[in-house]
Amino acid sequence: MYRDEYARWLAADLEDIDLTQELMRIEGNDDEIKDCFSVQLKFGTAGLRGVLGAGTNRMNIYMVRQATQGLANWVKTQGGTQTVAVSYDSRLKSDVFAKTAAGVLAANGIKVRIWDALMPVPALSFATRCYHCNAGIMVTASHNPSQYNGYKAYGPDGCQMTDDAAAIVYEEILKTDVLTGAKYMSFAEGVEAGLIHFVGDDAKAAFYGAIESRQVRPGLCGSAGLKLVYSPLNGTGLVPVTTVLKDIGISDITIVPEQEYPNGYFTTCSYPNPEIYAALEKGLELAKESGADLMLATDPDADRVGIAMKCPDGSYELVTGNEMGVLLLDYICAGRIDNGTMPKDPVAVKSIVSTPLADAVARHYGVEMRSVLTGFKWIGDQILGLEEKGEEERFIFGFEESYGYLAGSYVRDKDAVVASMLICEMAAYYRSIGSSVKERLEEIYAEYGRYLNKVDSYEFPGLTGMDKMSGIMDAFRTNPPTEFAGHAVVSVTDYLDPEATGLPRANVLIYALDNGESIVVRPSGTEPKIKTYFTTKGRDLAEAEAHKEALTEAIKPRLQ
């Protein structure tokens, strides 16, 4: 079957010469042909994601056309404006894929609003809402290595597409022949036909205005003297992040030169993920040279941000996603109470795998903390619920441990632009009162306890990887652990049981231990990985780390 599909692609008059050359190169190599053609990239709530190249198991213009035809078929049943917003990041072929998607939509009579240059995920979410679109498309593979690209689909609320809508789109995709089934006109033809328009200056100004309206202490940054090093990691963050920071008064910004401009090869950072040290290494070198107060990096599609903070001894320390979530929650709550802008019955939202320290901080400030499934669409869903009651102003902050944050309801996905602004404002505030981000974090630990949150990932590559992951999760359920590292399991929460959790079904297990610590086991939704999340607590960091290492060794045999 896969050989037949390969032969069909090889015989076709493909428009992308790169694909033709790859097909010719792998001729006779059954393993490579099988890898490219034996399966098809599955479309889900996170859209498509895969390695660039020829075949149904790769990202290319034909897979984009097929996916967009499926999306177009769904849009045509939705009424409304019959409009779709489109944006793209700096990855290889992202601009080509975005214009390809626009061409398919236009050929189906659907209007398109596309950004005139690469822009991040929050800009796509904003445009979807601003133009009352039926859907949105973001061409990105987030923080994956350079050989990947992807295609995220959004619903009319600017949130990633729901399970139900994604299932319908996927059905339509499967009805569409990948090479010949999609309607298509060139981007230029779509513009000429009046179906493709660029996002207007008014929408751009509104996007920046919405972000800047989320300042907690407006006017503070202009006189605080904050010194910043910033890296967009060769992605989309440069223009929006620096625009907003300069607007609020932060002018001492040094950009990491090797990572300043878009570069889909990510030559100085093979894995452009702000969660890892290597992604921040160039920026850290520059921060040490310049004595910056803060080093900040956004991932290629600028929906996540990582930082390194300056310590009193002059060294720099990376801040985890959980720590930054807690710091921002604490800063927003304290600041809004101080200046009288805290709404009545405020709500914050975090994912179930994020730190329980945030719950303690929320309780301290009288904020309702809601925990939802992993995936920012579930945080967006909580905002939508508040919006439907006319109470969206109650939402003050949402975060995931994987470095995603949002303050405000103007978009419905994580936003590294607003997060960068608030992180810098927070750092400027602490600097202005003779403190620092590091000192505030230590005060939080002194007040609430020394929490430690760590994530381990176990990779299962290849065609059998998903089966292996499925077998491991089944084994956890059929042969449940009763203890880890000498600590008894006192409760198990299985998110496949919505009656027990009150949340939609998800393949997640949480083990609560008799010492108050916990382990979460969750397969990734976008990569062939099982992730384990540990929450430990100690009298100091060393004790909390020792507890975590013991739990890692205890669970490891079950993940082999």
So, the side chain of [X] versus the backbone of [Y]: is there a donor-acceptor pair under 3.5 Å, distance only?
{"X": "R394", "Y": "D345", "result": "yes"}
{"X": "R91", "Y": "P145", "result": "yes"}
{"X": "D413", "Y": "G158", "result": "no"}
{"X": "E549", "Y": "A546", "result": "no"}

Where do R522 and Y533 land on the side-chain contact (heavy atoms from CB on, under 4.5 Å) test, with the steps shown first?
-> CA-CA 8 Å; R522 181 185 78 89; Y533 303 77; 3.0 Å; yes

Aromatic rings [X] and [Y]: how do their planes relate, parallel, tilted or perpendicular, breaks at 30° and 60°?
{"X": "F397", "Y": "Y405", "answer": "parallel"}
{"X": "H143", "Y": "Y271", "answer": "perpendicular"}
{"X": "Y511", "Y": "F476", "answer": "tilted"}

Assess whether a salt bridge exists between [X] and [Y], defined as any Lys/Arg side-chain N lying under 4.0 Å from an Asp/Glu carboxylate O.
{"X": "E543", "Y": "R450", "result": "no"}
{"X": "K152", "Y": "D303", "result": "yes"}
{"X": "K377", "Y": "D163", "result": "yes"}
{"X": "E553", "Y": "K556", "result": "yes"}
{"X": "K531", "Y": "E275", "result": "no"}

Step through the shown structure and confirm whether more than 12 heavy atoms of other residues, nucleotides or ligands are within 6.0 Å of NZ on K529.
-> yes

Hey, is OH on Y265 packed in by over 12 heavy atoms from elsewhere, all under 6.0 Å?
-> no

Any donor-acceptor N or O pair under 3.5 Å, side chains E517, H487 = no

Pair T268, Q259: side-chain N/O donor-acceptor within cut-off below 3.5 Å | yes

Pick out which of I332, V319, N322, V361 makes a side-chain contact (heavy atoms from CB on, under 4.5 Å) with L327.
-> V319

Stepwise side-chain contact (heavy atoms from CB on, under 4.5 Å) check, M295 with L280 | CA-CA 8 Å; M295 188 269 145; L280 277 65; 3.9 Å; yes

Flag this pair as yes if the NZ/CZ of R217 is under 6.0 angstrom from the six-membered ring centre of Y429 and inside a 45 degree cone about the axis; otherwise no.
-> yes

Begin with the C-alpha distance, continue with both residues' side-chain angles, and end with the deciding distance and a verdict on side-chain contact (heavy atoms from CB on, under 4.5 Å) for R49 and S142.
-> CA-CA 9 Å; R49 189 177 298 185; S142 188; 3.8 Å; yes

